[in-house]
Peer 1: 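Got a structure for you, written out below as structure tokens; questions coming shortly.
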Amino acid sequence: MSHPESEIVRFDNVGLRYGTDKEVLTDVSFTLFPGSFYFLTGASGAGKTSLLRLLYLSQRPSRGLIRMFGTDAITLPRGRLPGFRRRIGVVFQDFRLVSHLSAFDNVALPLRVAGVSETDITKPVKDMLEWVGLGDRMGARPATLSGGEQQRVAIARAVIARPDMLVADEPTGNVDPEMALKLLRLFESLNRLGTTVVVATHDAHLIRNVPESLIMRLDRGRLSDPTGALRYPPRRSAPAARLDMTDQ
Amino acid sequence: MSVTDPQTSSGQLPGTQTSAAKAARWLAAWRMRGASGDARLLPENQLTGPMPWVIAIMIALTVVAAASGLALRNMAYTASADLEGGVTVQIVSAAPAERKRQALAALTALHAAPEVASASPVAQDELNALVEPWLGTRPGDDLEALPIPALIDVRLDTRLSGGATPARLAALRARIARVAPAARIDAQAGWLAPVFRAINALQWLASGLITLLALATMAAVLLASRNALSNHRETIEVVHMLGGTDRQIARVFQRSMAFDAAAGGLAGLVLGVITIAALGRQFAPLGSGMVGSAVLGWSDWIVIALIPLLGVGLAVLTARLTVLAALRRML
């Protein structure tokens, strides 16, 4: 059974449709625990991005129940959403960097939104950019950065505020394998500090590098959970839902 | 805090920037002075160029309309105060001797009346001068022979019971009729009633214009804000996803609108005051009678100086409400 007192996210029979189209997500049920590491896999169009949009509260579901951080996210008043969103770091597939801001200001954005003083922003942002290898590109606008550099800025922006949950959509798609592993190590470091990490990826090599991770596989909008381990995971035990990734 | 952006100065060697580029950079830096982190969420020029000019035109027109309304009010007030207790007594008699006798009798009766503050006959020379443009003054003409009414200018004591009310006129008429049956008594304000009605209508017109200009300003700000929201929708969504609140985003728009409106308001005030001064110079040669009393006092200038401030407040409030209403439709 699940443990509501310790779960960070719970989906119960969640369905999502856009307009009057057929459901892109159907009867999705799972539980995420603090400090766990999840990979979300599935073919293109399986609904990964839609599921992530629900996770980072950019979309409300058409049906079902979602609890986040112990609160019903379906009936959550709009005014309380910012507080919840600040606990979630997001790496968008298309980066979504703010074009008129420098790399530094993009990474500083979550801190500024949270009201952190400018004097407390400079060092952590510089350190973060140094860490992702962009120490010499702090003043560059996104348009002048390569795809890989933009992706690293996007990741730095997602993790700078030490979120409770990190949601990343194909975060290593535009970087070389060496940088991909380095970024993965960053995610693991955050994970070890207690951040729940959810990474949507097609990269089987990446998944194999985090042996203790759990796999969430979407197939045409349905979450594959043959053992029920995603819905009713054992209390912080060994990885329970590793699925075959040979087709990824 | 902002890291130096090599892109902003790229493309030109140091020291080769044009004056326009320098001015633009200075303006941008000035706009960001004291800006909190919120101010960096969107580009500082998100409300785009024409807005300050639109506001400048609106403020200039409002200043001229308000100045006109205030001058008309002053003119009406002065004229009304002058005429409030004014009464004209005409002795209409074709016989000069009888006219003189009744005029003297009426004057005596008026002096004896408690509600009359003063009564003085209009000199024959003045009467002659009044009719001269119509009758001419050829040698040999005898204006005295013409049956021009004798006039008595009367001031009622307005402290007792107001101005020349119908009741007071009726009482005065009864008192004088006994000694001067040829007397006709009229309130001076009555002659100018159509003028006062016209002035009143012009004041309403000025008020209507100011209201329409305020509505037009609000409409322009609303459209500019919606346009800016549309242009930066993607950025706003990102800021929302990072936990930004509607108020934080609205503050950015408010701040930008405040700058645009302040610049436009100042320009509009200057333009409006120049227009008022030019109009004043045009009307100055007419400076007698009612027109001469259409001047602006120091309190009027304070009201005019407040117009740009009210314009800024209106623009900022409109921008805030527009942005908040639009953001509420987003998740």
Side-chain angles (χ1 to χ4, degrees), chain A residues 53 56-60 76 78-90 92 94-122 125-126 129 136-145 154 157-158 160-161 163 167, chain B residues 1-11 24-25 28-29 31-48 228-253 255-256 323-331:
Chain A
R53 282 169 61 85
Y56 59 72
L57 298 171
S58 168
Q59 182 79 43
R60 293 205 196 263
L76 193 66
R78 193 174 169 281
R80 287 186 62 197
L81 283 173
F84 278 72
R85 285 173 175 154
R86 287 175 193 179
R87 300 175 68 179
I88 305 168
V90 186
F92 299 99
D94 53 357
F95 320 135
R96 298 210 196 169
L97 300 179
V98 180
S99 59
H100 70 275
L101 296 181
S102 65
F104 180 96
D105 287 330
N106 262 288
V107 175
L109 201 50
L111 300 178
R112 287 190 172 129
V113 161
V116 177
S117 70
E118 293 296 318
T119 49
D120 293 334
I121 283 176
T122 309
V125 173
K126 281 185 174 176
L129 281 167
D136 58 342
R137 304 285 280 149
M138 288 189 200
R141 300 277 173 99
T144 65
L145 298 171
R157 184 181 67 183
I160 186 71
V167 178
Chain B
M1 145 85 224
S2 183
V3 171
T4 305
D5 183 356
Q7 301 307 311
T8 56
S9 57
S10 64
R25 285 171 65 83
R31 290 168 71 109
M32 295 303 285
R33 271 178 64 208
S36 65
D38 293 352
R40 298 168 200 281
L41 301 183
L42 296 172
E44 63 270 14
N45 62 340
Q46 78 271 23
L47 288 174
T48 66
L229 275 168
S230 174
N231 288 343
H232 298 284
R233 187 180 180 87
E234 198 174 324
T235 302
I236 290 167
E237 282 178 352
V238 170
V239 173
H240 262 158
M241 286 307 105
L242 297 176
T245 63
D246 291 352
R247 287 184 177 189
Q248 281 177 312
I249 295 168
R251 265 203 299 272
V252 181
F253 284 87
R255 180 185 168 82
S256 185
V323 171
L324 286 177
L327 291 176
R328 270 195 290 273
R329 288 193 288 273
M330 299 168 71
L331 185 60

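A, B, ... follow the sequence lines: proteins, then strands. Residue 1 opens every chain. Only a predicted model underlies this, so the values are computations on that prediction, with no experimental measurement involved.
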Peer 1: What distance separates A/Arg78 CZ from B/Asp246 CG, expressed to the nearest 0.5 Å?
Peer 2: 4.0 Å
Peer 1: Within a 6.0 Å radius of atom CZ on A/Arg60, are there more than 12 heavy atoms belonging to other residues, nucleotides or ligands?
Peer 2: yes
Peer 1: Could you report the tightest heavy-atom contact between A/Arg86 and B/Thr245, atom names first, then the distance?
Peer 2: NH2-CG2, 3.7 Å
Peer 1: Mind listing the closest non-hydrogen atom pair of A/His100 and B/Thr235 along with its distance?
Peer 2: CE1-CG2, 4.5 Å
Peer 1: So for A/Leu57, is it side chain, backbone, both, or neither that comes closer than 4.5 Å to the heavy atoms of chain B?
Peer 2: backbone
Peer 1: Could you pull out the closest heavy-atom pair between B/Val238 and A/Arg157, with the gap in Å?
Peer 2: CG1-NH1, 3.6 Å
Peer 1: Give the minimum heavy-atom separation between B/Glu237 and A/Arg96, together with the two atoms involved.
Peer 2: OE1-NH1, 4.2 Å
Peer 1: For A/Phe92, is it the side chain, the backbone, both, or neither that has a heavy atom closer than 4.5 Å to a heavy atom of chain B?
Peer 2: side chain
Peer 1: For the residue pair B/Met241 and A/Ser58, what are the closest heavy atoms and their distance?
Peer 2: SD-CB, 3.5 Å
Peer 1: Any non-hydrogen side-chain atom of B/Leu242 less than 4.5 Å from a side-chain atom of A/Arg112?
Peer 2: no
Peer 1: B/Gly243 and A/Pro82: which non-hydrogen atoms are nearest, and at how many Å?
Peer 2: O-CB, 3.3 Å
